[in-house]
Structures are given as structure tokens and as C-alpha cells.
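All values reported here derive from a predicted model rather than from experimental measurement.
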Amino acid sequence: MRLLTHLRHVDLAVPDYDKQLDFYAGVWGLTKVAEDSGVSFLAAEGSPEQYVVRLRKADEKRLDLVSYGAASATDVDTLAEQLLAGGVQLISQPGKVETPGGGYGFRFFDVDGRTIEVSADVEVRQHRKIEEKEAIPVKLSHVVLNSPDLNRTREWYESHLGFRLSDTLMHPKMGEAMHFMRISNQHHSMAIAQGPHTALHHISFEMRGIDEYMRGSGRVIRSGARKLWGPGRHLAGDNTFTYFLDPQGNTVEYTTELEVLDEDTWHPHVYDFSQPEVTDQWGTANAMNELVAKESFNDVDRGVFVAPPV
């Protein structure tokens with residue numbers, strides 16, 4: 001039974017807090033909605049979520065947490081009971097959420113030691129329709145996580161959180177490299193990438209349409225931010241992409257037109273990403289190579305919980 005409804009927000013800890021805040025609230029096009037002593041909350045103007053990114057000033061860069069929505073407090077309680085019964089370590093019991101918008105939720109560790117939050121009854125933020133040629137994010141699209149054991153992580157998310165596999169990327173020399181996972185008819189809300197260590201791979205933001213996606217990509221390029229890859233259009237998910245590095249070296253993406261699929265008839269594909277048309281159907285992006293790929297391995301995340309041996 002699937003109890004998660006959607007991706008809410010991704011929370012980052014960053015040493016260079018002011019520079020990071022300037023980037024996300026400036027050229028990237030998010031709106032700072034609250035700030036309190038080294039913690040800021042950033043919303044996407046077209047999204048009902050209170051915020052889609054939280055930044056926290058810290059000595060070490062890390063992924064603080066990934067947050068998902070549930071439909072009701074009852075579903076939150078049910079999920080907490082299921083996770084406990086399945087041997088998952090809870091960080092907190094279900095209760096009042098103390099971040100903007102409130103709500104009812106709890107936190108726990110995933111199989112790689114990341115902090116995950118699930119909440120319901122969060123107050124809806126007053127949001128608006130993004131206008132034509134307005135090149136700012138409409139909403140958070142998806143998050144991709146690096147895992148040293150791709151299939152262990154995939155199986156954990158399937159069995160404990162109800163994610164389903166949409167598609168897989170593979171390489172003849174490397175084997176499976178990425179699993180695209182869904183909790184709705186959106187092709188993926190999360191993907192898992194094979195990496196040398198547990199870390200954030202990238203955070204993706206949905207733009208209004210192709211024109212706004214291109215205008216936004218151009219604005220970020222002109223700002224001097226480092227473009228990693230794009231613009232182009234992936235085969236898996238059929239979405240557009242331009243990837244950049246934020247000031248702290250995290251990969252962020254502008255995307256649009258992510259595939260909406262019929263879950264009853266969908267069968268996962270395995271795509272060989274050594275074929276250039278798999279990584280970029282348009283052929284407009286710079287070539288994907290090892291240097292580009294390694295940038296998104298990111299730094300070792302020292303915030304992950306390592307369970308003591310049993």
C-alpha cells in the first residue's frame with residue numbers, strides 16, 4: 001500500500017550560508033519565506049508547499065533531510081507503525097511538526113542512513129500561477145540520491161515506502177547506474193544513482209514550459225554559475241535538463257515536461273546510457289563523460305547515520 005503522496009522539500013546544511021542563500025533566493029528564482037538564526041526556508045512561487053528548500057548554516061556540508069507528504073495523520077501513524085514493525089529506526093515519533101506550515105509527521109533513517117521526514121496536514125501556502133516567460137521554478141520536481149548499493153536502496157524504498165520502479169539506466173561496462181522511482185503517476189519523484197558513497201546527487205525544479213526552462217537556464221549561465229550539463233532532453237522521463245552547481249557544489253537542475261504515465265499499463269524500461277540519444281534526445285547538450293558524472297557524486301555526506309553492527 002502506498003502511503004506517500006509527493007515530495008515536499010529537500011533540506012541542506014551548508015558552511016557558506018550567505019552565498020548559498022543569495023544563489024537560491026536570487027538567480028535560481030526561489031522566494032525566501034522565513035529565516036531564523038542561520039536557517040532559511042525557500043518556496044517556489046507556483047507550489048502549495050510552504051517551502052521546497054531549507055538551508056541551514058553548519059560547519060559541514062550535508063543533506064539534512066528529504067521530506068515527503070502523506071494524505072492524512074492516520075496514514076502518517078500507519079506508516080510509522082509499519083516502519084517500526086519492519087525494523088526501521090525512527091528518529092522521532094509522529095507528532096506536531098515545528099516548521100513553517102506545521103502539520104503532523106515524523107522522521108526516520110533510510111537504509112543508507114539518510115534522514116527522511118513524512119508529514120500530513122501541513123498548511124497550504126498561498127501560491128500563484130506562473131506567467132508566460134516567467135522563468136522561475138513552479139515547484140520541486142524530484143530528488144536523486146547517490147547510493148553505494150543501488151539495488152539495496154531500491155528494494156528498501158519499494159518495501160518500506162511503496163515506491164515503484166519506472167525505468168533503469170545501465171551501461172555495458174558499468175551495469176545498472178540509476179533507478180527512477182515513483183509514488184504517483186509522475187515518472188519519478190526520486191531516483192537512486194550508483195555512487196561511491198551516500199550523498200545528494202541532484203535536486204530538480206520544474207519550470208512552467210520549454211521557453212521558461214530555456215530562459216531560466218540562460219539566466220543562470222549568464223550569472224557565472226557553473227553549468228555541468230545541458231540543455232537537453234532525457235529519454236527516461238522524457239524531461240528537459242540543464243544541470244548547474246550551486247555555490248556549495250551541490251548539483252541542481254531546471255527541468256520541464258516530466259512524463260506522466262499510466263501506472264496500470266506501464267512496464268519499466270532498461271535504457272543503455274552509452275547511447276547518446278538516451279542521455280539527450282535532442283543532441284544539444286555537451287557530451288556526458290566521466291568528469292561530468294563525477295561532479296554529481298558530490299562530497300561524502302558525514303551527516304548519514306551509520307548503524308552499529310548487530
**Report entry** From Glu45 atom CD to Thr31 atom OG1, the distance as rounded to the nearest 0.5 Å
**Finding:** 3.5 Å
Query raised in the report: Going through the distances and angles, do Asp64 and Arg56 end up as a salt bridge (Lys or Arg N to Asp or Glu O under 4.0 Å)?
Result: CA-CA 8 Å; Asp64 271 345; Arg56 179 177 65 87; 2.7 Å; yes
Query raised in the report: Among pairs that include at least one residue of residues 124-154, which meet ring-ring contact (aromatic ring centres under 6.0 Å, His included), considering only residues two or more places apart or in two chains?
Result: His142-His188, His142-His202
Report summary line: Here the pair of heavy atoms bringing Ser223 nearest to Val27 is CB-CG2, 3.6 Å
Requested in this report: Before accepting this row, confirm whether a basic side-chain N of the pair Lys133/Asp211 lies closer than 4.0 Å to the acidic partner's carboxylate O.
Outcome: no
Query raised in the report: Partners of Glu131 by side-chain contact (heavy atoms from CB on, under 4.5 Å), sequence neighbours excluded?
Result: Glu134
Query raised in the report: Looking at the rings of Phe297 and His197, which for Trp means the six-membered one, are their centres under 6.0 Å apart?
Result: no
Query - Check ion pair Arg182-Glu263 (N to O, under 4.0 angstrom) - result: yes
Query raised in the report: Between Phe106 and Phe108, does the ring centroid distance fall short of 6.0 Å?
Result: yes
Requested in this report: Give the minimum heavy-atom separation between Gln20 and Asp246, together with the two atoms involved.
Outcome: NE2-OD2, 2.6 Å
Report summary line: With sequence neighbours left out, the residues meeting salt bridge (charged side-chain N to carboxylate O under 4.0 Å, His left out) with Lys57 are none
Report summary line: Tightest non-hydrogen contact, residues Met178 and Ala193, listed as CE-CB, 3.7 Å
Report summary line: Exactly one of Ile221, Leu228, Thr251, Asn250 clears side-chain contact (heavy atoms from CB on, under 4.5 Å) with Phe244, and that residue is Ile221
Report task. Show your reasoning for whether ring pair (Phe, Tyr, Trp, His ring centres under 6.0 Å) applies to Tyr213 and Phe205. Result -> CA-CA 10 Å; Tyr213 149 79; Phe205 299 81; over 10 Å; no
Query raised in the report: Relative to the ring of His160, is the ring of Trp156 parallel (under 30°), tilted (30 to 60°) or perpendicular (over 60°)?
Result: tilted
Query raised in the report: If Ile, Leu, Val, Met, Phe, Trp and Tyr residues are connected whenever their side-chain heavy atoms lie under 4.5 Å apart, and connections chain through other members, are Val124 and Leu4 in the same group?
Result: no
Report task. May I ask you to decide whether Glu158 forms a salt bridge with Arg164, counting only side-chain N to carboxylate O separations under 4.0 Å? Result -> no
Report task. Take atom CZ of Arg128 as the centre, draw a 6.0 Å sphere, and report whether it contains more than 12 heavy atoms from other residues, nucleotides or ligands. Result -> yes
**Report entry** Other residues, nucleotides, ligands: >12 heavy atoms within 6.0 Å of Asp262 CG
**Finding:** yes
Query raised in the report: Are side-chain heavy atoms of Asp167 and Trp266 found at a separation under 4.5 Å?
Result: yes
Requested in this report: Using only heavy-atom distances, determine whether the side chains of His6 and Glu49 contain a donor-acceptor pair under 3.5 Å.
Outcome: yes
Report task. Any chance you could lay out the salt bridge (Lys or Arg N to Asp or Glu O under 4.0 Å) test for Asp280 and Arg233, step after step, and finish with the verdict? Result -> CA-CA 5 Å; Asp280 178 18; Arg233 187 162 200 146; over 6 Å; no
